[in-house]
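Note that the structure is predicted; figures quoted are calculated from it, not measured. Lettering follows sequence order; numbering is per chain, from 1.
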Number of protein chains: 2
Amino acid sequence: MKPRTPTDFVILGTLIPGERHGYEIMRFLESALEGAWRVSTSQLYVLLKRMEQEGLVVSRSEAQDIRPSKRVFHVTPLGRDAFEAWVNRPVPHVRDLRMEFICKLFFFRHLSLPGAMKLVLAQIDAIEALQERIRKHPKGEKDAFLNLLYGFKARNIECLLRWLKEEAATFADKYSS
Amino acid sequence: MKPRTPTDFVILGTLIPGERHGYEIMRFLESALEGAWRVSTSQLYVLLKRMEQEGLVVSRSEAQDIRPSKRVFHVTPLGRDAFEAWVNRPVPHVRDLRMEFICKLFFFRHLSLPGAMKLVLAQIDAIEALQERIRKHPKGEKDAFLNLLYGFKARNIECLLRWLKEEAATFADKYSS
DNA sequence: AGAATCATGTAAGGGGTTACATGATTCG
DNA sequence: CGAATCATGTAACCCCTTACATGATTCT
């Protein structure tokens, strides 16, 4: 299984509750995720086609009298497994907290999935491991630029950890079955 | 003038002190920016070629007896102008602080450019404008996910502003002519 | 009358990646 | 003897974006 982009999983997630056609997926992402995850319409159809070739989704054509006919997609067991593996896996990089991790939390709530708290805790562990690696860098370095860079990283990681422990954990606790 | 990627400007910046060939640029970026900005070797040569077509740099071939011959690049006035405009312009998005903005500060120090403090202040203004837009979002919203999302953004921006005002400003103050 | 909605796509191009090719030299 | 350094590139592929095409319907 080759590595997939988060967009694939976001699309899979919107199909978990039941079948939908492309246009519906688009509108759902625009309204529910409001800027948390953007997919252009053209890219959406490209991805759906590729995901069907890879067996993550299947589609059937549905004729309509007035409107153009739709292609309705639903998730296969393979697709469902891929989504579940993704949604329970913490993101590896700090930069992915901003969007991808928050999207995962969205789906925990949207789909009433269990284990949101487990994910948050695993994510905290992952980020704390990164924090350790930054701490290893000597602080009283002669290179002022590197000090600035590591200062940024250290502060940022601290801030994100606080968010994870306070707001994300609260969210996971409240809004997940 | 079409919008360029930061990588273009980073390459231009390394050429400001004097001419260099591709391999030298590569090693400089690896050592001095240490992970703050990555360019793969293949991409570097592609970019240099395109930048020459666009008139930002010029190259001449330099034969060597033993080693393969080098192409030595230097910046044109056009390229210098483009770099200076870039380095003095605050980044428009929060996500660009992480790498691009820090790279700018690097060049202020590396090239002993004036105006680092001015950039930091302009950047603070730009980020504070974004902060205002986030503050406009109603807080006691019914949608728990949006609250989480905006909570994240608000906290993150706060943390970044603190870094800008404390560490980045100090750096700009100390290490710029 | 013009804009937005519904609905699905193709085409072109931009920016990036990894893998590969070449070929001598010097270091461990 | 094998690995790293020096030095420049090409090829294939990936993901994404914008622009464009179609064509009826409903809202303003």
Side-chain contact check for B:R71: nearest option of D:dA7, C:dT10, D:dG9 is D:dG9

From CZ of B:R60 over to C1' of D:dT8, roughly how many Å is that when rounded to an integer? 16 Å

Reckon A:K49 has a side-chain N or O less than 4.0 Å from the OP1 or OP2 of C:dT10? yes

To the side chain of A:Y45, which of C:dG9, C:dG16, C:dG15 is closest? C:dG9

In whole Å, what is the span from the CD atom of A:E62 to the C1' atom of C:dC6? 14 Å

What is the nucleic acid contact for A:T5, judged by heavy atoms within less than 4.0 Å: base, sugar-phosphate only, or nothing? sugar-phosphate

Just to verify, which of B:R135, B:K165, B:R133 counts as forming a salt bridge (charged side-chain N to carboxylate O under 4.0 Å, His left out) with B:E128? B:K165

The side chain of B:Q43 lies closest to which of these nucleotides: D:dC16, C:dG16, D:dA7? C:dG16

Does any donor-acceptor pair link the side chain of B:S42 with the base of C:dT18 at a separation under 3.5 Å? yes

Between CG of B:L29 and P of D:dA7 the distance, given in whole Å, is 16 Å

Nearest-Å distance for atom pair CG/P, residues A:L48 and C:dT8: 9 Å

The nucleotide from D:dG9, D:dC15, D:dT17 with an atom nearest the side chain of A:S40 is D:dT17

Taking CZ from A:R38 and P from D:dT17, how many angstroms apart are they, rounded to a whole number? 10 Å

Geometric cation-pi criterion A:K153 and A:Y150, 6.0 Å radius, 45° cone: yes

Which heavy-atom pair separates A:T5 from A:F9 by the least distance, and what is that distance? O-CD1, 3.5 Å

Closest of D:dG9, D:dC16, C:dT10 to the A:L47 side chain is D:dC16

Sugar-phosphate, base or nothing in reach of B:R50, heavy atoms under 4.0 Å: sugar-phosphate

Taking only side-chain nitrogens and oxygens of A:T7, does any of them come within less than 4.0 Å of OP1 or OP2 of D:dC16? yes

In terms of hydrophobic clusters joined by side-chain contacts under 4.5 Å, are B:V58 and B:M51 together? no

On the ring face of B:Y175, is B:R109 found with NZ or CZ under 6.0 Å from the centre and within 45° of the axis? yes

For A:D8 and D:dC14, give me the distance from atom CG to atom P, rounded to whole Å. 13 Å

When rounded to whole Å, the CE to C1' distance for the pair B:M99 and C:dG16 reads 16 Å

Closest to the B:Y23 side chain, choosing from D:dT17, C:dG16, D:dC6: D:dC6

Are there more than 12 heavy atoms of other residues, nucleotides or ligands under 6.0 Å from atom CZ of A:R60? yes

Quick one: label B:R27 by what it contacts on the DNA or RNA (base, sugar-phosphate, nothing), any heavy atom closer than 4.0 Å. sugar-phosphate

Tell me if the side-chain of B:T41 makes a donor-acceptor pair with the base of D:dT8, cut-off 3.5 Å, by modelled atom types. no

Could you state the atom-to-atom distance from NZ of B:K70 to P of C:dG23 in whole Å? 21 Å

